[in-house]
Amino acid sequence: MDCGMAGMGWPMMLGAWLVGLLLLAAAVAGVVWLVRRTGGPAGGAGSADTAQEVLRRRYAAGEIDEEEFVRRRDRLG
């Protein structure tokens with residue numbers, strides 16, 4: 001019985017393996033790029049903001065008013 005690959009020979013099968021490996025490498029590189037771009041996993045070293053930095057950013061963006069900012073800042077110490 002013919003399995004459908006008899007006419008391809010080893011060069012075509014080698015090429016198919018290489019294409020598969022290239023696709024796998026591209027997928028891994030994409031995941032690495034995405035993790036680095038988003039700052040890594042939550043709680044990772046160097047990616048976590050301090051509570052005061054988050055508070056200042058929220059105040060600057062207008063998410064909280066001055067009264068709320070002062071109250072939270074005083075509570076943080």
Side-chain angles (χ1 to χ4, degrees):
M1 293 233 73
D2 187 11
C3 68
M5 294 187 61
M8 293 180 75
W10 68 269
M12 291 294 287
M13 288 193 294
L14 179 63
W17 274 95
L18 289 175
V19 168
L21 287 174
L22 286 174
L23 288 174
L24 180 62
V28 169
V31 169
V32 168
W33 175 81
L34 185 62
V35 167
R36 286 186 178 177
R37 177 134 170 102
T38 59
S47 65
D49 290 333
T50 66
Q52 289 187 353
E53 289 171 344
V54 172
L55 184 61
R56 281 192 295 271
R57 191 176 317 124
R58 290 187 65 200
Y59 178 63
E63 295 177 17
I64 58 175
D65 61 7
E66 184 177 2
E67 180 182 323
E68 182 73 10
F69 172 77
V70 171
R71 185 176 63 80
R72 290 183 183 204
R73 185 193 62 197
D74 291 347
R75 197 180 299 173
L76 288 172

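The first residue of the sequence shown is numbered 1, and numbering continues consecutively from there.
- The minimum heavy-atom distance between R73 and L55, with the atom names listed, is N-CD2, 3.5 Å.
- Atoms OH and CZ, from Y59 and R72 in turn, are 13.5 Å apart once rounded to the nearest 0.5 Å.
- The hydrophobic cluster containing F69 does not contain V54, counting ILVMFWY residues as joined when their side-chain heavy atoms lie under 4.5 angstrom apart, directly or transitively.
- No option in V32, T38, V31 other than T38 meets the side chain to side chain contact (heavy atoms under 4.5 Å, CB included) test with L34.
- Note that CG of L76 is 8.5 Å distant from OG1 of T50, once rounded to the nearest 0.5 Å.
- One distance of note links CG of L22 with CH2 of W17; it measures 13.5 Å at 0.5 Å rounding.
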